[in-house]
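The block underneath contains the structure these notes are about, expressed in structure tokens.
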Amino acid sequence: MPAAELADRCERTLARARSAGRDELTTGQRRWLDDFWAAGDVRIEGAPKVQQAVRWNLFQIAQASARVDGMGVPAKGLTGQGYEGHYFWDMDVFVQPYLSYAQPVVARNLLRFRHHMLDDARRRAAEMNQRGALFPWRTINGEEASAYYAAGTAQYHITADIVYALHRYLKASGDDELRAGSGAELLVETARMWEDLGFHREADGRFHIHGVTGPDEYTTVVNDNLYTNAMARFNLNLAAQTVEMLRTERPDDHERLVERTGLQPHETDDWARAAAAMYLVYDHDLGIHPQDDSFLEKERWDFEGTPPEQYPLLLNYHPLVIYRFQVLKQADVVLAMFLLGEHFSMEQKRRNFDYYDPITTGDSSLSPCAQSVIAAEIGEHELARRYFHLSLYMDLCNVHGNTADGVHVACCGGVWMALVQGFAGMRAHHGLAFDPRLPPDWEAMS
Ligand code: IFM
């Protein structure tokens, strides 16, 4: 916004404040906060300190998202200079689920914001030799702003993460208008990108996606990253089903969609075929899903020989050193098992968790919430609580030593996930279900 316009706006706000008076402003603020807590509080009985810290985390989400009109939620909210105000998947995967249930209007605004970036994402796809839309890993104005492609641009999963946020919101709200309009448009363009990015390999009849980086930034530019492939499959299926639903149930919306996107009749079949053939790497000997097709060929990182002061690894070792080993910055397969839990058996969840947990450093603040949710699900209650505490106190106790750069807003969303999807066992795969497993000293949670 030009400086003069900004100055005018400030003057007007000040004038309004002067005439409204302090009491009126305080009352308005109080009303807003009362509404916020009425819709989105999590109450824990029997653990007052945890309760206080939970509310602090939820309040950070309120601060970061309350006035996002036309903008997004930056990784640090408005609390610090870290990441220069840029948006990542933090907003879509970690903050949106809470907002979808507690502040659906804000969740909707954020999706509209992503939709406003669709033309940029179309241009980005073309620039990267792809059809459809490719969302930037890191952005502030719709254009890719990653400085280092291996741990940035190569995270194509951001595109499916946005679709995941859309799906969560639609499930929670039943907003058919958004589904039929901008939602469907997002689905078409993103499905196109995945179908074009991957390829059918004749030799094994599977659909593969090569040359991408998954959520774990200590393993980059790999083939068939499990998380990416599973999320791409989800994206492709959802797009095919939504277009089919519109065609049969909302022909006018379908027609508009065809006009806006140039959708061809064969495309939904192509997406469904790619999804059905999607390769999800699995190792039968270990009974686990390797993180990608070459992950198991690497040596395990020497954790025993790494002193605590050498963490986070990214600040103490060159990336090329880290990339050679089996070592995770953050949950990857474990996150896939959380977001797409219905596609993994309990046995797979246990085996995968047991494999990845000891080699996950948690150098990213986005990790412990996913680890907590899966630990709770497989009955590792003490571990679930430990990871929950890490998320809960990440900034209150400056666990990563960088809170001065700003609050880890995704981690605050993760606190809600660990509470509601971990301890309360909420799942929304088919309808809404709860399978609570509260820490023994908590009397109740609501
Ligand atoms: O989006 C995250 C990423 O997953 C890990 N590095 C920091 C980013 C911003 O929070």
Side-chain angles (χ1 to χ4, degrees), residues 57 60-61 64-65 72-98 110 114 135-140 144-162 164-165 212-222 225-228 231 291-292 311-317 319 322-323 327-336 338-339 356 360-371 373 387 390-391 394-395 398-417:
N57 278 275
Q60 299 312 312
I61 305 181
S65 65
V73 174
K76 303 289 187 185
L78 299 174
T79 61
Q81 302 283 325
Y83 297 123
E84 292 100 12
H86 286 164
Y87 313 119
F88 298 77
W89 69 321
D90 302 40
M91 154 170 112
D92 312 283
V93 169
F94 296 86
V95 177
Q96 275 276 31
Y98 171 68
L110 288 177
R114 281 301 195 187
F135 280 88
W137 169 244
R138 171 181 182 146
T139 190
I140 195 154
E144 177 61 271
S146 300
Y148 172 50
Y149 77 90
T153 299
Q155 295 200 49
Y156 280 60
H157 66 84
I158 175 84
T159 294
D161 300 333
I162 292 168
Y164 177 82
V212 298
T213 297
D216 166 30
E217 295 175 346
Y218 285 173
T219 311
T220 62
V221 194
V222 293
N225 167 253
L226 189 278
Y227 176 93
T228 306
M231 291 292 280
Q291 193 170 294
D292 58 73
Y311 293 91
L313 300 182
L314 79 157
L315 295 186
N316 294 291
Y317 297 88
I322 300 174
Y323 296 169
V327 54
L328 276 65
K329 183 179 180 194
Q330 61 207 95
D332 198 294
V333 172
V334 167
L335 182 62
F338 163 32
L339 302 185
Y356 289 106
T360 304
T361 58
D363 284 351
S364 163
S365 68
L366 278 59
S367 197
C369 61
Q371 291 167 277
V373 171
Y387 284 129
L390 266 181
S391 298
M394 184 63 66
D395 289 308
N398 196 14
V399 172
H400 280 188
N402 60 2
T403 298
D405 297 335
V407 165
H408 299 82
V409 176
C411 183
C412 302
V415 167
W416 181 84
M417 288 170 160

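Starting from 1, each residue takes its place in the sequence as its number. All ligand and atom numbering here is 1-based and tracks the order in the structure. Computed from a predicted model, the values in this text were never measured in an experiment. Any value given below was found using the heavy atoms of this structure, including those in side chains, with hydrogens, waters and symmetry copies removed.
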Q | Side-chain H-bond candidate by donor/acceptor type, Asp90 with His408, under 3.5 Å | A | no
Q) Short question: side chain of Asn225, backbone of Asp292 - any donor-acceptor pair under 3.5 Å? A) no
Q | Expected output: side-chain Tyr218 to main-chain Leu314 donor-acceptor under 3.5 Å | A | yes
Q: Non-hydrogen atoms closer than 4.0 Å to ligand 1: which protein residues do they belong to? List them by chain and number, please.
A: Ala75, Tyr83, Phe88, Trp89, Asp90, Trp137, Glu217, Lys329, Gln330, Ser364, Leu366
Q. Is there a donor-acceptor pair under 3.5 Å between the side chain of Asp216 and the backbone N or O of Leu328?
A. no
Q) Any side-chain donor-acceptor pair under 3.5 Å between Glu217 and Thr213? A) no
Q) Between Trp89 and Trp137, how do the two ring planes meet: parallel, tilted or perpendicular, split at 30° and 60°? A) tilted
